[in-house]
Structure formats: structure tokens, C-alpha cells
Amino acid sequence: MSKIIDGKALSLKQRDIIAGQVSEFINKYGRSPGLAVILVGDDPASRVYVKNKRIACEKAGIKSFDYHMDTDISQTEVVSLIDTLNAEDDVDGILVQLPLPDHLNTQEILLRIDPSKDADGFHPYNLGRLLMGSPTIVSATPYGIMLMLKEYNVSIDGKDAIIVGRSNIVGKPMAILLMMAHATVTICHTHTKDLGAKVKSADIVIAATGRPHIIKGEWIKDGAVVIDVGITRTETGSLVGDVEFDEAIKHASLITPVPGGVGPMTITMLLENTLKVANGRKQ
Ligand code: NDP
């Protein structure tokens with residue numbers, strides 16, 4: 001059996017299911033679910049992500065409203081656009097592509113999104129619900145990882161899981177989800193002592209740092225499951241993950257590749273979140 005978790009295949013399967021549910025939504029309510037995406041500036045990676053999201057939305061039958069703003073747009077203008085979208089009936093979900101330029105206050109902007117339209121699950125209300133153990137909208141990347149683990153029959157209950165990275169959008173929500181599934185969770189970051197020893201003791205390793213190959217293959221315990229969230233573009237244009245894949249696969253029972261692992265699942269779960277907020281607004 002292959003040790004590789006095929007995020008691309010799994011996401012295509014999931015997108016078919018979502019497309020079917022979107023059709024049901026359209027039949028029931030006479031319109032498509034709508035996702036507004038706000039992109040500020042010209043960061044090439046962000047442009048690619050936004051384009052991929054639009055294509056995925058269209059394929060699934062979700063209407064995509066794209067707002068591409070100049071880099072020097074003011075805080076007031078972004079906030080005012082969010083207020084407009086919050087009030088717009090055809091817009092079920094709103095997402096702001098991160099990172100934003102430095103002069104903008106990301107926290108204030110994310111807070112301004114109506115939590116019931118927060119397709120990314122980054123609003124403190126939705127993060128708080130997750131923390132309380134009754135999640136509503138869950139950040140797409142950790143949500144997609146949980147689906148991957150389920151689809152590949154990875155047993156989580158009682159296992160030791162390590163997460164390297166503590167961001168609000170990946171590391172922290174991932175920790176809560178794994179804890180809810182009864183793993184014993186360790187979160188590591190730049191101040192962690194002896195990362196290698198901690199990784200070596202883990203049954204499930206989630207790497208989310210954006211530091212290429214920081215997780216050495218020899219650290220992986222025999223039989224561990226390795227999920228590589230990190231994506232870094234090298235000078236030659238190829239994408240690399242946080243994990244030394246070629247060595248790690250010798251020890252892992254299952255491992256995600258980069259690209260073709262977590263990335264496609266993130267977009268898929270964003271589609272699912274959009275449908276979820278759309279259905280939620282109809283209740
Ligand atoms: P952030 O930069 O917000 O967080 C990175 C985290 O990694 C921080 O907590 C940081 O620690 C930790 N870290 C950095 N260097 C080290 C180190 N040497 N040792 C231990 N910990 C370290 O990143 P994100 O969470 O937003 O994203 C992480 C990666 O995942 C990026 O490559 C990003 O592109 C990718 N990503 C991929 C997605 C996908 O769909 N595949 C979706 C989202 C992100 P500290 O807090 O101490 O600074």
C-alpha cells in the first residue's frame with residue numbers, strides 16, 4: 001500500500017460531493033452560494049491562491065465575487081468594503097487573502113467580518129467556538145487535515161501528536177481539533193528546546209512553519225503519520241515543504257507530499273465552509 005496521502009485525489013472526491021450539495025442548495029433557494037474574496041496588493045503567491053480559489057468555486061457551482069484592491073488602499077476603505085459585503089444578500093462568505101500589507105490592521109479587518117459569513121473561520125467568534133469545543137466554521141487547513149486523517153483511517157485517540165507552528169490559522173486550531181479527537185498534543189515553535197527529540201516521540205507530526213526541510217527525516221518515528229503543511233517556493237520555482245520527504249517516507253506509515261498534499265484540501269474545505277455559511281444563513 002502506498003504511504004503517500006494523496007491530497008489531490010481526496011480533494012477531487014470531496015469537491016464532487018460538495019458540487020452535489022451546491023446543486024441541492026441552488027434547487028432549494030434559486031441562487032448559488034456566493035463567496036467574496038478580497039485581495040489587497042500584488043503579492044504573486046496570493047494572486048495564484050485567489051485565482052485557484054475562484055476556479056474551484058466556479059467548478060463547484062459557487063459564485064465568486066473578487067475584489068482586487070490597490071496596495072495603498074486605506075484601512076477605512078477595506079473596512080467599508082467589508083461592511084458592504086456583510087450587508088449583501090448574495091454574499092454568503094467573505095474572505096480576506098492574507099497576508100495584508102503592513103499598513104493595514106489585519107486583526108481589525110478580520111474582526112469586522114460578520115462571523116456568520118466568516119468562510120475562513122479566522123474570526124475570534126469562530127475561533128472561540130472551536131476553543132469551547134463546539135466549532136462552527138473551522139479554519140480550512142486544519143479542517144482539511146482532519147478529513148485526510150479520517151479518510152486514511154488514522155487512529156488519533158490516545159496518540160501523541162506534535163504540531164510545529166502555533167499560528168492562529170494553522171497550528172492553534174489544529175491543536176484544538178486533535179485534542180478534541182483525544183490526542184495528547186504538543187505544540188512547538190521557535191522557542192522550543194530540542195525539537196528533534198519531541199518529533200521523535202510523536203505518532204502524528206504536523207509541520208506548519210514555512211521553513212524548508214526543518215523537520216529532519218531521521219526524526220520521524222517508525223510508523224508515524226506525517227502531515228506537511230509548509231509551502232515554500234525555492235529560487236528555481238519549485239515548491240518544498242517543511243519535512244525532508246525522501247528520508248521521512250522511509251520511517252513514516254503515511255506522509256503528505258508537497259505539492260499535492262494539504263494544499264488542495266485547504267481549497268476544498270474553503271468550498272465546504274462557504275456552503276456551510278450559506279446554509280447557516282438560510283436557517
Ligand atoms: P506563520 O508564519 O504564521 O507561523 C509559522 C509558525 O512556525 C510560527 O508559530 C513559528 O514560531 C513556527 N516556526 C518558524 N520557524 C520555526 C523553527 N525554526 N522551529 C520551530 N517553529 C518554527 O505561518 P502559517 O501558520 O500561516 O503557515 C505555515 C506554513 O504553512 C507556511 O509555509 C504557509 O505557506 C503554509 N500554509 C500552507 C497552507 C496549505 O494549504 N498547504 C495553508 C496555510 C499555510 P513562532 O510562533 O515562535 O514564531
Without swapping roles, check the side chain of [X] against the backbone of [Y] for a donor-acceptor pair under 3.5 Å.
{"X": "S238", "Y": "T234", "value": "no"}
{"X": "H68", "Y": "D42", "value": "no"}
{"X": "N273", "Y": "A119", "value": "yes"}
{"X": "H123", "Y": "L111", "value": "yes"}
{"X": "E77", "Y": "S74", "value": "yes"}
{"X": "D242", "Y": "T209", "value": "yes"}
{"X": "S32", "Y": "G34", "value": "no"}
{"X": "S11", "Y": "T268", "value": "no"}
{"X": "R233", "Y": "L239", "value": "no"}

Could you tell me whether K3 atom NZ has more than 12 heavy atoms of other residues or ligands within 6.0 Å of it? yes

Tell me whether the count of non-hydrogen atoms from other residues, nucleotides or ligands lying under 6.0 Å of CG in D102 goes above 12. no

Between [X] and [Y], what is the shortest heavy-atom contact and its length?
{"X": "I137", "Y": "N126", "value": "O-CB, 3.7 Å"}
{"X": "F122", "Y": "S139", "value": "CE2-OG, 3.6 Å"}
{"X": "H103", "Y": "T71", "value": "CE1-O, 2.9 Å"}
{"X": "L275", "Y": "P33", "value": "CD1-CG, 4.0 Å"}
{"X": "V225", "Y": "S253", "value": "CG2-OG, 3.7 Å"}
{"X": "G241", "Y": "D228", "value": "CA-OD2, 3.3 Å"}

Quick one: side chains of residues 162-172, donor-acceptor pairs under 3.5 Å with protein atoms, not counting sequence neighbours, listed by atom name and distance.
residue : atom : partner : partner atom : Å
S167    : OG   : V170    : N            : 3.1
N168    : OD1  : K172    : NZ           : 2.8

Test E272 against Q21 for side-chain contact (heavy atoms from CB on, under 4.5 Å), laying out the working first. CA-CA 9 Å; E272 185 153 325; Q21 293 167 341; 5.5 Å; no

Are any of the side-chain heavy atoms of [X] and [Y] separated by less than 4.5 Å?
{"X": "L81", "Y": "M69", "answer": "yes"}
{"X": "M265", "Y": "K8", "answer": "no"}
{"X": "C57", "Y": "L271", "answer": "yes"}
{"X": "R47", "Y": "D43", "answer": "no"}
{"X": "L104", "Y": "P101", "answer": "yes"}
{"X": "D6", "Y": "Y152", "answer": "yes"}
{"X": "V138", "Y": "L177", "answer": "yes"}
{"X": "R112", "Y": "D83", "answer": "yes"}

Ion pair [X]/[Y], N-O distance below 4.0 Å:
{"X": "D89", "Y": "R31", "answer": "no"}
{"X": "D92", "Y": "K117", "answer": "no"}
{"X": "K221", "Y": "D203", "answer": "yes"}

Just one of V50, I73, L95, L85 clears the side-chain contact (heavy atoms from CB on, under 4.5 Å) bar with I38, so which one? L85

Measuring from [X]:[atom1] to [Y]:[atom2], what's the distance to the nearest 0.5 Å?
{"X": "T274", "Y": "K53", "atom1": "OG1", "atom2": "NZ", "result": "10.0 Å"}
{"X": "M269", "Y": "R15", "atom1": "CE", "atom2": "CZ", "result": "11.0 Å"}
{"X": "D160", "Y": "K198", "atom1": "CG", "atom2": "NZ", "result": "13.0 Å"}
{"X": "I220", "Y": "K250", "atom1": "CD1", "atom2": "NZ", "result": "13.0 Å"}
{"X": "L98", "Y": "D120", "atom1": "CG", "atom2": "CG", "result": "7.0 Å"}
{"X": "I227", "Y": "I255", "atom1": "CD1", "atom2": "CD1", "result": "8.5 Å"}

So M174 and V229, side-chain contact (heavy atoms from CB on, under 4.5 Å) or not? Walk me through it. CA-CA 11 Å; M174 190 74 245; V229 184; over 6 Å; no

Are R129 and T136 close enough that a side-chain donor and a side-chain acceptor fall under 3.5 Å? no

Non-neighbouring partners of F25 that pass ring-ring contact (aromatic ring centres under 6.0 Å, His included), sequence neighbours left out: Y29

Any residue meeting side chain to side chain contact (heavy atoms under 4.5 Å, CB included) with K216, in chain and number order, not counting sequence neighbours: E218, W219, E244

Within one Ile-Leu-Val-Met-Phe-Trp-Tyr cluster: [X] and [Y], side-chain cutoff 4.5 Å:
{"X": "I215", "Y": "I4", "value": "yes"}
{"X": "Y143", "Y": "I187", "value": "yes"}
{"X": "I94", "Y": "V277", "value": "no"}
{"X": "I267", "Y": "V37", "value": "no"}
{"X": "L270", "Y": "L39", "value": "yes"}

From CA spacing to verdict: side chain to side chain donor-acceptor pair (under 3.5 Å), S64, R54: CA-CA 6 Å; S64 174; R54 187 179 60 244; 5.7 Å; no

Under the side-chain contact (heavy atoms from CB on, under 4.5 Å) rule, what do N279 and K276 come out as? Steps first, then yes or no, please. CA-CA 5 Å; N279 276 316; K276 206 183 258 183; 6.0 Å; no

How far apart are the C-alpha atoms of K63 and E58, what are their side-chain angles, what is the distance that settles it, and do they pass the side-chain contact (heavy atoms from CB on, under 4.5 Å) test? CA-CA 6 Å; K63 195 162 191 275; E58 282 163 6; over 6 Å; no

For a side chain to side chain donor-acceptor pair (under 3.5 Å) check, start with the C-alpha distance between N153 and S155, then their side-chain angles and the critical distance, and finish with the verdict. CA-CA 6 Å; N153 297 316; S155 131; over 6 Å; no

